[in-house]
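Contents: one structure, followed by commentary.
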Amino acid sequence: MVGEGKGDGVKVDRWGYSVRTSSDACISSINSYYQQVLTHGRKQSVILEAPIHDEDCVLANTLAAAYFVSSGNPSRTLFHLSSAQYRLKDATSYEKTVFDAISSLIAKDRDDVAAVDSHSKVEHSGGGNLALEISDQITMPELVSPEPEAGTERRSSGNVG
């Protein structure tokens with residue numbers, strides 16, 4: 001997976017995985033999202049910039065879909081997941097693996113065995129910590145507190161002093 005098909009509209013993310021995009025800004029947004037997820041940062045919405053920079057990028061759309069599931073705004077998930085699925089035939093093997101893992105986790109009729117299997121494929125490809133964090137955000141969104149989207153207020157889950 002690493003270094004697959006460099007050139008021909010393929011760039012490499014911070015972990016060395018091939019991502020089909022010709023946009024440096026898209027890769028930069030994806031890399032920033034990885035950092036935010038792994039450090040439990042509050043700017044995970046940075047992933048929403050990636051599909052703006054390259055609307056055809058499967059990884060950008062897949063990660064944006066995952067973000068919307070965990071952000072409390074799942075209504076926008078289907079748009080990004082559909083965009084990713086539409087372009088899946090042109091995706092790198094890493095993008096396909098991530099798409100399978102994310103889509104299996106957010107399926108309405110989720111098969112937990114299939115979801116675990118897809119997740120383990122991402123882990124074995126070297127994206128283990130990132131996959132685990134994103135999976136946790138999807139399956140336990142109450143534990144995640146990303147920044148609110150523009151024009152919305154953050155809901156408080158705790159008691160106010």
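Here the structure is a predicted model, which means the values were calculated and not measured.
By the rule that hydrophobic residues join a cluster once side-chain heavy atoms approach within less than 4.5 Å of another member, L38 and L63 end up as members of one cluster. Neither F99 nor L78 shares a network with the other; the hydrophobic side chains, linked directly or stepwise wherever heavy atoms of I, L, V, M, F, W or Y lie under 4.5 Å apart, form separate groups for each.
Judged by distance alone, the side chain of S71 and the main-chain N or O of F68 form a donor-acceptor pair under 3.5 Å.
Residues meeting the side-chain hydrogen bond (donor to acceptor under 3.5 Å, both in side chains) test with N31, sequence neighbours left out: none. Partners of T21 by side-chain hydrogen bond (donor to acceptor under 3.5 Å, both in side chains), not counting sequence neighbours, listed by chain and number: D54.
Note that OG1 of T62 and CD1 of I102 are 7.5 Å apart. Values are rounded to the nearest 0.5 Å. Taken to the nearest 0.5 Å, the NZ atom of K96 stands 13.5 Å off from the OG atom of S103. For the atom pair CD1 of I47 and OH of Y34, the computed distance is 7.5 Å after rounding to the nearest 0.5 Å.
Considering every non-hydrogen atom in both P51 and A60, the closest pair reads N-CB, 3.8 Å. A91 and V58 get closest at one heavy-atom pair: CB-CG2, 3.8 Å. Shown here for K43 and Q36, the closest heavy-atom pair between the two residues is N-OE1, 3.0 Å. The two residues H53 and S29 make their nearest non-hydrogen contact at CD2-OG, 3.7 Å.
Screening V10, V12, V98, L59 for a side chain to side chain contact (heavy atoms under 4.5 Å, CB included) with V19, the sole residue that qualifies is L59.
The side-chain heavy atoms of E95 and C57, taken from C-beta on, include a pair separated by under 4.5 Å.
Pairs of residues two or more places apart, or lying in two chains, that qualify as side-chain hydrogen bond (donor to acceptor under 3.5 Å, both in side chains) and include a residue from residues 77-88 are D56-R87, N61-H80.
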